[in-house]
Structure formats: structure tokens, C-alpha cells
Amino acid sequence: MREKLTNPEHVRTWPGSIPVEYVYTAGVAGEAYLRAIKERGRLAASACLGCGTKYLPPRLYCERCFEKTGEPRDVEARGTVETFTVAHRDLEGRQLEPPVVYAFVRIDGTAGGLVHRLGEVDPGDVHIGLEVEAVFLPPAQRTGSILDIAHFRPVRHRPAAT
Amino acid sequence: MAKVAVVGAGMTKFVRRAQETGRELSWQAAKMALDSAGLTLKDVDAVVIGSAPDAFDGVHMKGEYLADGSGAWRKPCIRNFVGGATGVFAPIQGWYHIASGQFDTVLVVCEEKMSSCHPHPQGAFITIFDHTTERPLGPNLLWIFALEMNRYMTVHGITKEEIALVAVKNKKNALDHPCAQLGEELTVEDVLNSEVLAWPVNRLDVSPASDGAAAVVMCAEHVAKRVSDKPVWVEGVGWHLDTAYWTNRDLYYPRYVEYAARMAYEMAGIKEPRKEIHIVEPYDPFDYKELHHLEGLLLCERGGAARLTADGVTQRDGDLPVCPSGGLLGVGNPIAAAGLMKVCELFWQLRGEAGKRQVPGTPRRGLAQAWGDLMQVGTVIILGR
């Protein structure tokens, strides 16, 4: 019935909203992760003290064996594109020009990784298995967020010296 | 039905703002519960998660969000939510997971992180009111409790002074709880002189908003006898829902609590609750609610709970200790975790492990109760040794 109404006042309606905002703590492990990004331009991972599973982002505990993890340690912000998409519309349904490549990047030597944007690459050249590295904002612009990583870009292998 | 025992319990400190994420809080409580039972995640067959509205943590599908910290990696897992009654419903759900014969060992974890919600979790509560008949008035959750408290006081001729004694008792009891947020030595005058929020409710009549988690390990009889010298048995469970139209009930009496209690008493074979229950943890988010719920639990006549309190019967060393933990008023109120905290307290009290909070004598049987939604859900669990 509602779909056929041209004037919503024909049935009584109330406008409403849920008037709350949120402030999320990053948590114990999340704090270490964001500090590594902001202060050192690195990613951080934590390894389970029981089974050795290496979590990135770091976690306080191991979900597999429930043991505590060790102190988060920095790792190279490099990895491999495990899957990707090319987004043509934003959250509001507006056209993205140019389209944005989002990839899940498995970080080398860890059991984890992160979703992020790819940049400095033509969408047509992105493929699963592409080796990529994080490009961090200049230190002064970092706020302690995953957006301190501007994007990941393909690793440029130097030609072998002849 | 298979017999079900509680063999381990754990909880985090209850605080106004935790740095830990909800997942991290859940893990701390769950790990403590498993360690206390001498078990590991490998011993757990299934997980039950209890958590109140997603709007508190600000995470939709909070059950999935909390699953890894609750030990549910690659295990059967369910999350339940019956408002404030969740914390006692979660172990009931753990009980029927096992009583059905489907699982031998279940980890039950309850969590709430209310500090994420700004400016205050009250903002998330507004949408529990009907969008047409009540929300246009801009209701605040405190008002509805004020309406109930006033009705309760007036029907029975109970004074604010008599009710304030509950806040004084529980906050004092909480001084002995290592996880408590608001343990304090107060006087009745302190409560009466605290800020009026919605008359007759003053600030010290109310529990705080909190972050925290609690957990218990439950298992079938054959496992309990193997892993525990002192299993605490689930003797009765009950839950009940009254009409969602709170305008169609008389607020002075919580009938939904009575029906939940009757279900649990019948299962436990209890004929005279006042004589057969030795320790009680009723839900006390407001001081008058402890009295209201004691009456609904048939532990005294209607209108009689204030007298019990004034006579000292409900003190930790009284004849019927009520909220020896310190309750929500003193330990804190991370909604679902607060209800399960009460079950943890029974576990520790019945095993003689409650430290400075230990009630004298040897309580054999205890009852925990929670209530929720728009004052319409009652959940009750009876544990005994």
C-alpha cells in the first residue's frame, strides 16, 4: 500500500532517527597496530604463544587455541593480491570516476592481511597474485588510522644488474 | 533430560570505559572461565553468546563480531538477546544445549561495551519505545522506570528512604568485589540528596553504564564429574514474556518474573522458595527493582521486600542474603554481562570461593534473575551444590 502513495501524508508517518554516535577504541592489539602505522609507517603482527599463528592485524589472543599472543612486531607492509574488485559506484550510488580498485592483500609471512585501495596501477593491469606494497602518507599527515596508508601499489622489481 | 553443571566462571573488571574491544573483553572472561575449570578450547563443543542491543557496541551482528573472542572458532555458536534478561537467559540456553543431549560442554559468554555509544547509551534506548504512541514525546528510559517506581511505592506505601537502603547495601557489598566499578560506603541521605533524574529516581538509585564481560563453562554430568570436584548443578530454569504493551499491565508487580520463577521452582521441586533458596541475586539496575523482583520471585509477600531490607534480612550476613556480589548498583551494569555476573557470583558463593564476599554458613542453593525489554521478560536460574 505504501508504495502506491504519492503523498506520504495520506497515511500518518513519523520521521525518526536513532540519535547516537560512536567512539570506538582500537583495543589493546588495535592500538599497537595503529601506532605502528602512524609512528613508523609499518604494519604490525602478533604471533600466538601457543600455536604460532601470526595475526595481522595483531590480536590480543589466538582464536584457534585461545592462548595469549606475543607483543606485536613490525612487519614489511608488502604482500600479494589475493582477490580484488573494481568499484564503479560509491556508497550513495554515485558514479566513481575513475573507478576504485579494492583488494584483499595477504601480508607476507602472516596468516592475515587487509582490505585496501590499490593505486598507481591501471585497473586492467591488476590480477590475483600481484605483488604489492603499502604507500604511507607523510608522517605529519598521519592520524593513526588505516587511511594513513594512501593505497597499495605494485612492487616495482628493479631490472637485474647486467 | 541430562543433568547440567557449571564448572567454571570468569569475568573482567566492570568499568565505565574500557580500552579493550568487546572481543578482547569477551576473551578475558572466557579464558578465565576455562582456566578456572582446567579446560581448554578443545574441550568446548559449542558456544552461547549473550549480548544486548547491537546499538550499544555500535556493531551490527554483534554475535558474529564477538564470536572469536568467545571461543567460537569453527564451533556451533548462537547469540541470544532478550534485552536486560539476556545475561541469565544465556546460561539457560547453555543448559538446554546440554540437557537436550546435543552437546557435552558449552562455553557461555556475555559482553557489553556501552562506552562506544555517544553521547550516552540512552540515545540508543529511544527506539525501543513505540514509534507512534510514545516516541513523539522523546521518552527517556529513566522516565518509564520512574513511572514504575512511583506506582510500586504508592500501591504499597513504601518510601524513598526504604528503597535507598538497597543502594546503600549493594554499593557497600561491591567494596569487596575485585571487579566492581562503584563500590562505595554511602548513607541513605547521600542517595536522597543525589541529583533527581526523573522523580522519584535519583542518580544513586540507578546503576551505571559499563563495559565488561562474564563467562561460565557448563557441562553434562559425566563430564562434570570428571573435571570438577565441586560442580554446581542447574536445578531449575524459567523464562517468561508478558505483554509488550506496558500500558496494559499494572506496573506495581512483575508478573513476568513470577511466572519465570514458578517455572524454575517447579523444575527444581521447590515448594517454599523462602525456605529453600539460601542466596539471591535478583536484577537490580535500580534499587527499587531489587524489592520488586524479590516479590515477583515469591521470596516475600507483595510489598514486603522493603521490610526485609530494613530488618537486615537481605544483608550478606542476614537470613536471606540478596546481591552479596554488590549487584548492578555496585559492581556495574554492562547489560548482558551484568546478568551473567550474578550467575558467576552464585557459582563462587556455592563453592565457598567468594572471598571477602562469602556469605556465612554454607548456602546450598541460589537463584539469579534478570529482566528486560520494556519490563516484560523475566529469566530465572537456580543453582545448587
Side-chain angles (χ1 to χ4, degrees), chain A residues 1-2 8-35 38 44-72 91 110-115 144-146, chain B residues 17-28 30-35 39-44 47 53-59 66-75 107 113-138 211:
Chain A
M1 180 191 164
R2 272 291 273 113
E9 290 300 313
H10 288 169
V11 291
R12 194 69 190 94
T13 59
W14 297 104
S17 62
I18 302 184
V20 283
E21 294 180 345
Y22 294 94
V23 176
Y24 300 102
T25 58
V28 176
E31 187 84 14
Y33 184 56
L34 295 178
R35 282 188 186 282
K38 179 171 189 249
S46 64
C48 173
L49 297 174
C51 69
T53 302
K54 200 166 177 183
Y55 290 100
L56 186 142
R59 299 192 205 173
L60 183 62
Y61 57 89
C62 177
E63 67 175 358
R64 301 180 183 201
C65 66
F66 240 36
E67 293 304 318
K68 198 170 165 39
T69 55
E71 283 296 308
L91 201 56
T110 76
L114 66 161
V115 174
S145 150
I146 57 162
Chain B
R17 290 179 201 286
Q19 182 190 3
E20 287 86 350
T21 61
R23 290 166 153 158
E24 290 173 339
L25 291 169
S26 297
W27 171 74
Q28 288 175 351
K31 175 79 171 154
M32 180 178 166
L34 280 173
D35 286 351
L39 298 176
T40 71
L41 208 51
K42 284 199 184 78
D43 301 306
V44 174
V47 170
D54 290 354
F56 285 155
D57 284 49
V59 177
L66 297 173
D68 66 303
S70 304
W73 183 71
R74 293 187 181 168
K75 293 185 194 298
L107 179 58
K113 185 165 184 185
M114 302 173 75
S115 66
S116 301
C117 196
H118 281 240
H120 191 277
Q122 284 297 338
F125 273 126
I126 191 171
T127 51
I128 71 174
F129 292 95
D130 186 278
H131 50 65
T132 299
T133 57
E134 287 152 12
R135 273 181 70 189
L137 293 167
D211 293 351

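So that the names make sense, note that chain A is the first sequence line, chain B the second, and so on, each numbered from 1. Because the structure is a prediction, the values reported are computed rather than measured.
The heavy-atom pair separating Met114(B) from Pro121(B) by the smallest distance is O-CG, 3.5 Å. What you find for Gly113(A) and Pro57(A) is that their closest heavy atoms are O-CD, 3.7 Å. Among all heavy-atom pairs drawn from Ala45(A) and Pro58(A), the shortest one is C-CB, 4.0 Å. Closest of all the heavy-atom pairs between Gly69(B) and Ala30(B) is O-CB, 4.0 Å.
Of the two parts of Pro136(B), only the side chain, counted from C-beta on, holds a non-hydrogen atom closer than 4.5 Å to a non-hydrogen atom of chain A. Looking at Ala67(B), there are no atoms closer than 4.5 Å to chain A (heavy atoms on both sides), in backbone or side chain. For Leu25(B), no part lies under 4.5 angstrom from a heavy atom of chain A. Heavy-atom distances place both the backbone and the side chain of Ala29(A) under 4.5 Å from chain B.
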Please tabulate the donor-acceptor pairs under 3.5 angstrom that span chain A and chain B, backbone and side chains included.
{"residue": "Ser17(A)", "atom": "O", "partner": "Arg135(B)", "partner atom": "NH2", "Å": "3.0"}
{"residue": "Glu21(A)", "atom": "N", "partner": "His118(B)", "partner atom": "O", "Å": "2.8"}
{"residue": "Glu21(A)", "atom": "O", "partner": "His118(B)", "partner atom": "N", "Å": "2.6"}
{"residue": "Tyr22(A)", "atom": "OH", "partner": "Ala55(B)", "partner atom": "O", "Å": "2.3"}
{"residue": "Val23(A)", "atom": "N", "partner": "Ser116(B)", "partner atom": "O", "Å": "2.8"}
{"residue": "Tyr24(A)", "atom": "OH", "partner": "Gly58(B)", "partner atom": "O", "Å": "2.5"}
{"residue": "Thr25(A)", "atom": "OG1", "partner": "Gln19(B)", "partner atom": "O", "Å": "2.8"}
{"residue": "Thr25(A)", "atom": "OG1", "partner": "Lys113(B)", "partner atom": "NZ", "Å": "2.4"}
{"residue": "Val28(A)", "atom": "N", "partner": "Glu24(B)", "partner atom": "OE1", "Å": "2.8"}
{"residue": "Val28(A)", "atom": "N", "partner": "Glu24(B)", "partner atom": "OE2", "Å": "3.3"}
{"residue": "Ala29(A)", "atom": "N", "partner": "Glu24(B)", "partner atom": "OE2", "Å": "3.0"}
{"residue": "Tyr61(A)", "atom": "OH", "partner": "Asp68(B)", "partner atom": "OD2", "Å": "2.7"}
{"residue": "Tyr61(A)", "atom": "OH", "partner": "Gly69(B)", "partner atom": "N", "Å": "3.3"}
{"residue": "Glu63(A)", "atom": "OE2", "partner": "Trp73(B)", "partner atom": "NE1", "Å": "3.4"}
{"residue": "Phe66(A)", "atom": "O", "partner": "Trp27(B)", "partner atom": "NE1", "Å": "3.1"}
{"residue": "Glu67(A)", "atom": "OE2", "partner": "Lys31(B)", "partner atom": "NZ", "Å": "3.3"}

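Within the 4.5 Å cutoff, side-chain heavy atoms of Leu34(B) are placed close to those of Val44(B).
Of the listed residues Ala72(B), Gly58(B), Gly123(B), the one with more heavy-atom pairs under 4.5 angstrom with chain A than any other is Gly58(B).
When the side chain to side chain contact (heavy atoms under 4.5 Å, CB included) test is applied to Ala124(B), the partners found at least two apart in sequence or on another chain are Val20(A), Ala55(B), Phe56(B), Cys117(B).
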